[in-house]
K.L.:
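Sending over a structure as structure tokens; questions will come in a sec.
So you know, we letter chains A, B, ... as the sequences are listed, proteins then strands, and number each from 1. Because only heavy atoms are used, hydrogens play no part in the values below, and waters and symmetry mates are left out as well, while side chains stay in. This one's a predicted model, so the numbers in the text were calculated from it and none came from an experiment.
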Protein chains: 2
Amino acid sequence: MEKLVDALKALSDETRLRILNLLYEKELCVCDIMEALQISQAKASRHLIYLKNADLLRDRKHAQWVYYSLAIDERIKFIDSLVYDNLRNLELYKNDLQNLKDWLKRKTMNCE
Amino acid sequence: MEKLVDALKALSDETRLRILNLLYEKELCVCDIMEALQISQAKASRHLIYLKNADLLRDRKHAQWVYYSLAIDERIKFIDSLVYDNLRNLELYKNDLQNLKDWLKRKTMNCE
DNA sequence: TTTGTATAATCGCTTAAACGAATATAAGTA
DNA sequence: TACTTATATTCGTTTAAGCGATTATACAAA
């Protein structure tokens, strides 16, 4: 992250906060985000790239999937507080985590 | 603050972060901010109002002056971490504090 | 090679927000 | 009442970002 301000701009959008909240659980691919948040593919992709450009995420390609995970270093540990002390007290973000859990279970069952 | 996102939007601008950094020291009027940051009156006023609308500041009128101070409650304690762990390690914000100190000293001396 | 799936990029449009410059308001002082 | 000072607001312009819809790319599997 070049600038602290860039990280804060990346955090000042609800969709991106919701994505970040999910990624605090585990690495996910774009389609996991789409399903858990019930948003379009273009929207998920755009916001993930925005977060990556702010150096808050890294990505890893495997076959046709792109997996995103947190890339939050020491310099911006206030984000931990934001997520654990604020986001996770709000219904919207709690629901998102439950939706993610449900989706990942369904996804696994389809492969068995 | 209605929405966490509104607070984050308010924090995602360098001028507003610089203002917040100063107000972590003490209550200040608009002209103190102008002097310490060397910005125009209109710019100082606009950004202070933006922060106030996000419920991060309160104001208090006394004669022709308007004093602004922090209004950050429990819900957004991550801002403490942002200021103390991040901003205050950066030269720009350290310089601003020194400029504020110098300005307040000059201001006091003029009244003696 | 064709088809399907996952992801990214582009287009056109709309809105928020930043800026300097100028003007308005409101209170204090001469 | 005039004048000054402190602060807020408005105007016109510019830029960043958000969106849905669509198209492009890249890999996999048939």
K.L.:
C:dG28 C1' sits how many Å from B:Lys61 NZ, rounded?
P.N.:
16 Å
K.L.:
Under 4.0 Å from any heavy atom of chain A: name the first and the last nucleotide of DNA chain D that qualifies, 5' to 3'.
P.N.:
D:dA17 to D:dA28
K.L.:
Look at the side-chain N and O atoms of A:Tyr50 and state whether any lies under 4.0 Å from the OP1 or OP2 oxygen of C:dA8.
P.N.:
no
K.L.:
Can you tell me the distance, in whole Å, between the CH2 atom of A:Trp65 and the C1' atom of C:dT5?
P.N.:
8 Å
K.L.:
Contact class for A:Tyr68 (heavy atom, under 4.0 Å): base, sugar-phosphate, or nothing?
P.N.:
sugar-phosphate
K.L.:
If you look at every strand shown and take non-hydrogen atoms under 4.0 Å, does B:His47 touch a base, only sugar-phosphate, or nothing?
P.N.:
sugar-phosphate
K.L.:
With the threshold set at 4.0 Å, does a side-chain nitrogen-carboxylate oxygen contact exist between B:Lys101 and B:Glu25?
P.N.:
no
K.L.:
Of all residues at least two apart in sequence or in a different chain, which pass the salt bridge (Lys or Arg N to Asp or Glu O under 4.0 Å) check with A:Lys94?
P.N.:
A:Glu91
K.L.:
Nearest whole angstrom, please: distance from the C1' of C:dT25 to the CD of B:Gln41.
P.N.:
12 Å
K.L.:
Can you list everything that forms a salt bridge (Lys or Arg N to Asp or Glu O under 4.0 Å) with B:Asp59? Sequence neighbours excluded, please.
P.N.:
B:Lys52, B:Lys61
K.L.:
Using the test side chain to side chain donor-acceptor pair (under 3.5 Å), find all partners of B:Ser81 that sit at least two apart in sequence or belong to another chain.
P.N.:
B:Asp85
K.L.:
Specify the separation, in whole Å, of atom CD of B:Glu14 and atom C1' of C:dC19.
P.N.:
15 Å
K.L.:
For nucleotides 10-15 of chain C, give me one character per nucleotide, 5' to 3': B if any protein heavy atom sits under 4.0 Å from the base, S if the only such contacts are to the sugar-phosphate, - if neither.
P.N.:
B-----
K.L.:
Between residues 18-35 of chain B and DNA chain C, which residues have a heavy-atom gap below 4.0 Å?
P.N.:
none
K.L.:
Quick one: hydrophobic cluster around B:Trp65, which other residues, with the 4.5 Å side-chain cut-off, linked directly or via members?
P.N.:
B:Tyr67
K.L.:
Taking the six-membered ring of B:Tyr50 as reference, does the NZ or CZ atom of B:Arg16 fall below 6.0 Å from its centre and within a 45° cone about the axis?
P.N.:
yes
K.L.:
Sequence neighbours left out, what pairs pass salt bridge (Lys or Arg N to Asp or Glu O under 4.0 Å) with at least one residue falling in residues 27-40 of chain A?
P.N.:
A:Glu27-A:Arg60, A:Asp32-A:Lys107
K.L.:
Nearest to the A:Ser45 side chain among C:dA8, C:dA18, C:dG20, which nucleotide is it?
P.N.:
C:dA8
K.L.:
If I take atom CG in residue A:Asp13 and atom C1' in nucleotide C:dA17, what distance separates them, rounded to the nearest angstrom?
P.N.:
15 Å
K.L.:
Excluding sequence neighbours, so at least two apart, what forms salt bridge (Lys or Arg N to Asp or Glu O under 4.0 Å) with A:Arg18?
P.N.:
A:Asp96
K.L.:
State which residues pass salt bridge (Lys or Arg N to Asp or Glu O under 4.0 Å) with A:Lys43; sequence neighbours excluded, sorted by chain then number.
P.N.:
none
K.L.:
Going by the side chain to side chain contact (heavy atoms under 4.5 Å, CB included) test, name the single residue among A:Leu56, A:Ile79, A:Leu20 that passes it with A:Leu70.
P.N.:
A:Leu20
K.L.:
Within this structure, what is the CD1-to-C1' distance between B:Ile49 and C:dT25, rounded to whole angstrom?
P.N.:
13 Å
K.L.:
Taking only residues two or more places apart in sequence, or in another chain, which ones meet B:Tyr24 in a ring-ring contact (aromatic ring centres under 6.0 Å, His included)?
P.N.:
B:Tyr84
K.L.:
Going by the rule side chain to side chain donor-acceptor pair (under 3.5 Å), which residues pair with A:Asp102 if we only count those two or more places apart in sequence or in a different chain?
P.N.:
A:Gln98
K.L.:
Rounded to the nearest angstrom, tell me the gap between atom CG in A:Asn53 and atom P in C:dA8.
P.N.:
11 Å
K.L.:
Give the rounded distance in Å between these two atoms: CG of B:Leu17 and P of C:dA18.
P.N.:
12 Å
